[in-house]
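Predicted model, so just to flag it, every value in this text is computed and none were measured. Naming: A, B, ... by sequence-line order, numbering from 1 per chain.
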Number of protein chains: 2
Amino acid sequence: MAALGSATVSAGKGERTAARIREVALDQFSRLGFERVTMSGIAEAAGLSQATLHYHFQDKDQLWRSAMLGLGAVIAEEERMLDAAQDASPLAQLRIAMRFFLRISWKHPALGRVVALEGMAGGERLAWLDEHVLGHRNRRLAALARAAIEAGVLKPFPPEMIVITLQAGAAGVINLAPLMRGTFGFDPDTAEGRAAHESLVLDALLSGFVKN
Amino acid sequence: MAALGSATVSAGKGERTAARIREVALDQFSRLGFERVTMSGIAEAAGLSQATLHYHFQDKDQLWRSAMLGLGAVIAEEERMLDAAQDASPLAQLRIAMRFFLRISWKHPALGRVVALEGMAGGERLAWLDEHVLGHRNRRLAALARAAIEAGVLKPFPPEMIVITLQAGAAGVINLAPLMRGTFGFDPDTAEGRAAHESLVLDALLSGFVKN
DNA sequence: ATCTTTTTTGATTATAAAATCAACAAAACT
DNA sequence: AGTTTTGTTGATTTTATAATCAAAAAAGAT
């Protein structure tokens, strides 16, 4: 049986390979969606036999959940950031959240991809993600948007729509990098590209919602 | 053999069922992605046997292509709109394009979903979509954005990023309706929701990119 | 060094879905 | 009405992949 939850410094061999599997799995699941991904595909990319995956994870579903919890850790980090900024104005907090979202989205592009993929499909996996990874944070951002509207600093659109539009807009360039490369011959994932993108998101996308 | 391309008024029985199959297929493919969809699932939703699908379409790939060409027709319509507005300023044309994009996205939500799904995954299907459905139009919009920047009316970000951000932002609320319902208990797909969304896209999202 | 436990694997089984096909039914044509 | 063409189907085959398992290899304990 695999040792679960031993988050100690010297992770045994088992935990190290499990982590590698999770990493590969997250990448593939987020790009392709659950059913496009095969256990043997993950195994190959991780340099393991497919049977090994079933030693560490009971089945494909469990592996998916386990991989998604990696994103949960990233989100939790963002939430701690927001906790630390609770004294700032709602708009300032939103700005901080967006900047952080960009940072983690470039570092963990799986985040936005998973949201897009499962958020469109609906179903059980989305419900699970909502409960274990995304829901709390999204509702928190919506509350910030609502507060900013009530304070008269954001244009009065439904806060849920604002939050989704901001995130979908910001993640678009990251998620759709393959499309951009193909259609425009333009690769946004470079140092300059990321810098331009950050400025675009903060100084055009977000600022469009701010009242003059 | 099925009669192909007989786009006459009185479509024979064959063409009518083929059209129904394409319709169901487009909906499912766009929500779930290629591999999540099964031939028998489409057959069931269309009230047909799965063998009938193979009578009308050689294989699953062909059915996918055929369904996607339905989106091609929608895009072509948009392009004719733009042709008719060629005398307007680049920014006015972008505005027209966005308004039209909203209209067709609510009417054919498959469009944005397919872009998101395949645009993230990359690969052969994306290349096919780029060539047969999306590429020309996206490059045209990017050219408009570039012209608007050169005319000094849009903020100077990479036009490819602007175009993708506008579309991803506008499509977000539509694509992610299932997520919004689950997370916020908020359904954007109502008469008021759509109206608020149109205003949000034109008066906040797009206007954020316009120079003051 | 030997023994025990953990980890990995090749081979196999089970299962779900795509594709094929021969037979049947409906429409169109004369 | 009879004939041909088009459209539809149930049953079958093929194929891809998830899941299992017994045996081997590696790691760790004594």
Side-chain angles (χ1 to χ4, degrees), chain A residues 1-26 28-29 31-68 121 123-125, chain B residues 1-26 28-29 31-68 121 123-125:
Chain A
M1 186 67 75
L4 284 177
S6 70
T8 40
V9 185
S10 69
K13 192 191 185 191
E15 183 47 38
R16 265 182 293 123
T17 58
R20 186 154 40 99
I21 293 170
R22 271 192 293 267
E23 207 177 314
V24 171
L26 178 59
Q28 297 203 5
F29 279 134
R31 271 180 217 287
L32 306 169
F34 187 79
E35 10 282 295
R36 234 178 251 213
V37 170
T38 69
M39 294 298 270
S40 35
I42 296 172
E44 190 180 6
L48 294 165
S49 83
Q50 163 245 33
T52 301
L53 268 60
H54 283 282
Y55 171 74
H56 290 282
F57 305 92
Q58 199 169 15
D59 56 25
K60 196 181 172 185
D61 253 282
Q62 287 262 331
L63 172 53
W64 183 86
R65 281 184 175 78
S66 190
M68 291 307 136
E124 277 188 33
R125 278 193 291 276
Chain B
M1 186 67 75
L4 283 177
S6 71
T8 40
V9 186
S10 71
K13 191 190 185 192
E15 183 47 38
R16 264 182 295 122
T17 58
R20 185 152 43 98
I21 294 170
R22 270 193 293 268
E23 209 177 313
V24 171
L26 178 59
Q28 297 203 6
F29 280 133
R31 272 181 215 287
L32 307 168
F34 187 80
E35 8 281 296
R36 240 179 248 213
V37 171
T38 69
M39 294 298 270
S40 35
I42 296 171
E44 190 179 6
L48 294 165
S49 83
Q50 162 245 34
T52 302
L53 269 61
H54 283 283
Y55 172 74
H56 290 281
F57 304 93
Q58 199 168 15
D59 56 25
K60 196 182 172 186
D61 253 282
Q62 287 261 332
L63 172 54
W64 184 86
R65 282 183 174 77
S66 190
M68 291 306 137
E124 279 189 32
R125 278 194 291 276

* **Side-chain touch B:L26/B:R22, heavy atoms, less than 4.5 angstrom** => no
* Would you please confirm or rule out a distance under 4.0 Å between OP1 or OP2 of C:dT9 and any side-chain N or O of A:S49? => yes
* Asked: Considering residues, nucleotides and ligands other than B:E23, do more than 12 of their heavy atoms fall under 6.0 Å from its CD?
  -> no
* **Atom pair distance, as rounded to whole Å: CD1 in B:I21 and P in D:dG7** => 11 Å
* Integer-rounded Å distance: C:dA27 P and B:E15 CD -> 17 Å
* Residue list, side chain to side chain donor-acceptor pair (under 3.5 Å) with A:D59, at least two apart or on another chain -> none
* **A:L53 CG to C:dT7 C1', straight-line distance once rounded to whole Å** => 13 Å
* To do: Please determine if a side-chain N or O atom of B:T52 lies less than 4.0 Å away from the OP1 or OP2 oxygen of D:dG7.
  => no
* Under 4.0 Å between a side-chain N/O of A:H56 and OP1 or OP2 of C:dT8, yes or no? -> yes
* Should A:F34 and A:K60 count as side-chain neighbours, where that means a heavy-atom distance under 4.5 Å? -> yes
* Does B:T17 place a side-chain N or O at less than 4.0 Å from the phosphate oxygens OP1/OP2 of D:dG7? -> no
* To do: Indicate yes or no for a side-chain donor-acceptor contact from B:R20 to the backbone of B:A46 under 3.5 Å, with no hydrogens or angles considered.
  => yes
* Quickly work out the B:L63 CG to C:dA19 C1' distance and round it to whole Å. => 14 Å
* **B:Y55 side chain near D:dT8 phosphate (N/O to OP1/OP2, under 4.0 Å)** => no
* Indicate yes or no: at least one non-hydrogen side-chain atom of B:T17 is less than 4.5 angstrom from one of B:T52. => no
* **Heavy-atom protein contacts under 4.0 Å, nucleotides 16-28 of chain D, coded B base, S sugar-phosphate only, - none** => -SBBBB----SS-
